[in-house]
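A short worksheet on the structure shown next.
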Amino acid sequence: MNIDLSNLPAHVAIIMDGNGRWAKKRMLPRVVGHNAGMEAMKEIVRTASDMGIKYLTVYAFSTENWKRDLDEISGIFGLLVKFVARDLAELHEKNVRVRIFGDYSVIPEDARASLDKTLLTTEKNTGMQFNIALNYGGRAEILRAVNRIINERFFDALSKGDYIEEVSEEDISRCLYSGEENGDVPDPDLIIRTSGEERLSNFLIWQSAYSELAFTDTLWPDFSPQEFKSIIESFCKRERRFGGRITEAK
């Protein structure tokens with residue numbers, strides 16, 4: 001495998017899709033698929049960190065996932081507690097910093113406590129930043145950012161007897177989960193989605209404006225470090241234009 005390390009994506013985001021279908025194919029409960037997916041996530045976090053990728057963001061639980069069966073939801077959060085308890089030491093040893101994108105205040109107390117412990121333990125780590133999108137939705141994130149800006153500007157303008165200043169793209173980016181509260185994470189260079197679906201599903205919709213996209217038919221529990229590296233290798237060969245055009249050689 002020939003990966004151009006000079007062109008390595010700084011930020012890779014992944015929509016981890018296909019746990020349920022993986023379990024169904026094997027006539028197993030869906031929670032078994034989520035458990036297998038958690039194992040796959042651990043391997044990808046380890047691989048991305050070892051490769052030198054600076055930011056990895058995974059879509060773990062969306063705002064729409066609350067519509068699922070209660071037993072499945074409970075199982076997902078139970079696995080999250082298990083993951084933290086078992087793998088926090090390795091994350092810390094690898095100097096990985098864990099951050100959360102989304103409002104995780106509403107998740108079960110034991111899962112929330114586990115996450116709080118993880119955030120605190122890894123807070124000062126300086127290696128790869130691992131962002132877990134949990135109870136996250138792209139539209140909700142943008143609304144949250146806009147409302148935060150309105151509140152900030154309204155009271156400031158009111159005190160000065162002035163008008164609210166015009167909102168800029170920089171203002172919105174600053175107030176997203178990827179903004180200043182989590183260290184000003186750069187927009188994802190590459191978004192990967194597994195399981196054959198080809199849509200973003202309300203994931204990082206502001207930040208993905210110029211992201212490269214990669215889709216694979218592989219169900220998430222079967223997504224291997226080798227396939228991850230292959231997609232990274234393919235990304236490194238792409239020419240990114242950001243709305244411009246490539247200058248032709250004379």
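All of these numbers come straight from a predicted model, not from anything done at the bench. The analysis underlying the following values was restricted to heavy atoms, covering all of them including side chains, and did not include hydrogens, waters or symmetry mates.
Within 6.0 Å of CZ in Arg68 there are more than 12 heavy atoms belonging to other residues, nucleotides or ligands. Heavy atoms of other residues, nucleotides or ligands lying less than 6.0 angstrom from NZ of Lys94 number more than 12. Counting non-hydrogen atoms of neighbouring residues, nucleotides and ligands closer than 6.0 angstrom, the CD atom of Glu64 exceeds 12 such neighbours.
Following chains of ILVMFWY side-chain contacts shorter than 4.5 Å, one cannot reach Leu219 starting from Phe215, and the two form parts of different hydrophobic clusters. One hydrophobic cluster, built from ILVMFWY side chains closer than 4.5 Å, holds both Val167 and Val146. A single hydrophobic cluster is not seen to contain both Leu8 and Ile191; linkage of ILVMFWY side chains at heavy-atom distances under 4.5 Å, directly or through other members, places them apart. Under a hydrophobic clustering in which Ile, Leu, Val, Met, Phe, Trp and Tyr are joined whenever their side-chain heavy atoms come within less than 4.5 Å, directly or via other members, Leu80 and Ile73 fall into the same cluster. Residues Tyr136 and Val185 share a hydrophobic cluster, clusters being chains of Ile/Leu/Val/Met/Phe/Trp/Tyr side chains in contact below 4.5 Å.
Considering all non-hydrogen atoms of both residues, Ile132 and Ala60 come closest at CG2-CB, 3.7 Å. Nearest heavy-atom pair, Ser195 versus Arg21, reported as atom, atom and distance to 0.1 Å: OG-NH2, 2.9 Å. Closest non-hydrogen pair, Thr122 versus Val96, comes out as CB-O, 3.3 Å. Taking both residues in full, the closest heavy atoms of Ile3 and Cys236 are given as CG2-SG, 4.0 Å, listed atom of the first, atom of the second, then distance. Considering all non-hydrogen atoms of both residues, Asn202 and Gly137 come closest at ND2-CA, 3.5 Å. The nearest pair of heavy atoms linking Arg193 to Arg199 is NH1-O, 2.8 Å.
Under 3.5 Å, the side chains of Asn7 and Lys237 contain no donor-acceptor pair of N or O atoms. Between the side chains of His11 and Asp189, no donor-acceptor pair of N or O atoms lies under 3.5 Å. Using modelled atom types and a 3.5 Å distance limit, the side chains of Arg97 and Thr126 yield no donor-acceptor pair. Residues Asn135 and Trp66 have side chains that bring a donor and an acceptor to within less than 3.5 angstrom of each other. Between the side chains of Arg99 and Asn182, at least one donor-acceptor pair of N or O atoms lies under 3.5 Å. There is no side-chain donor-acceptor pair under 3.5 Å between Glu123 and Asn125. Counting only N and O atoms by type, the side chains of Trp206 and Ser173 include a donor and acceptor under 3.5 Å apart. There is no side-chain donor-acceptor pair under 3.5 Å between Thr63 and Arg139. For the 3.5 Å distance criterion, the side chains of Ser168 and Asp171 qualify, holding a donor opposite an acceptor. Looking only at atom types and distance, the side chain of Glu43 has no donor-acceptor partner in the side chain of Ser224 under 3.5 Å away.
Between Phe101 and Tyr177, the two ring planes are parallel [angle under 30°; tilted spans 30° to 60°].
Side chain of Asn35 to backbone of Val31: no donor-acceptor contact under 3.5 angstrom is found. Panel note: side chain Tyr59, backbone Ala13; no donor-acceptor pair is recorded below 3.5 Å. With hydrogens and angles disregarded, a donor-acceptor distance shorter than 3.5 Å links the side chain of Thr118 to the backbone of Ser114. A donor-acceptor pair is defined here as one N or O able to donate and one able to accept, closer than 3.5 Å; such a pair exists between the side chain of Asn65 and the backbone of Ser62.
Just one of Thr194, Thr218, Asp222 meets the side-chain hydrogen bond (donor to acceptor under 3.5 Å, both in side chains) condition when paired with Trp22; it is Asp222. Shown are Val58, Ile15, Ile14, Asp17; of these, the side chain to side chain contact (heavy atoms under 4.5 Å, CB included) with Trp220 is made only by Ile14.
For the pair Arg174 and Glu181, the salt-bridge criterion is not met [side-chain N within less than 4.0 Å of a carboxylate O].
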Please report the C-alpha distance between Arg112 and Ser105 in whole Å, then the side-chain angles of each, then the deciding distance to 0.1 Å, and finally whether the side chain to side chain donor-acceptor pair (under 3.5 Å) criterion is met. CA-CA 7 Å; Arg112 188 169 67 251; Ser105 66; over 6 Å; no
Arg144 vs Glu141, test: salt bridge (charged side-chain N to carboxylate O under 4.0 Å, His left out). Steps then yes/no. CA-CA 5 Å; Arg144 172 181 178 268; Glu141 178 185 32; over 6 Å; no
Before you tell me yes or no, could you show the steps for Glu180 and Arg148 under salt bridge (charged side-chain N to carboxylate O under 4.0 Å, His left out), namely the whole-Å CA-CA distance, both residues' side-chain angles and the distance that decides it to 0.1 Å? CA-CA 13 Å; Glu180 60 185 9; Arg148 178 179 163 187; 2.6 Å; yes
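Here Phe77 and Phe61 bring their ring centres to under 6.0 angstrom of each other.
Here Lys117 contributes atom NZ and Leu88 contributes atom CG; the two are 6.0 Å apart, rounded to the nearest 0.5 Å. Atom OG1 of Thr47 and atom NZ of Lys42 lie 11.5 Å apart (nearest 0.5 Å).
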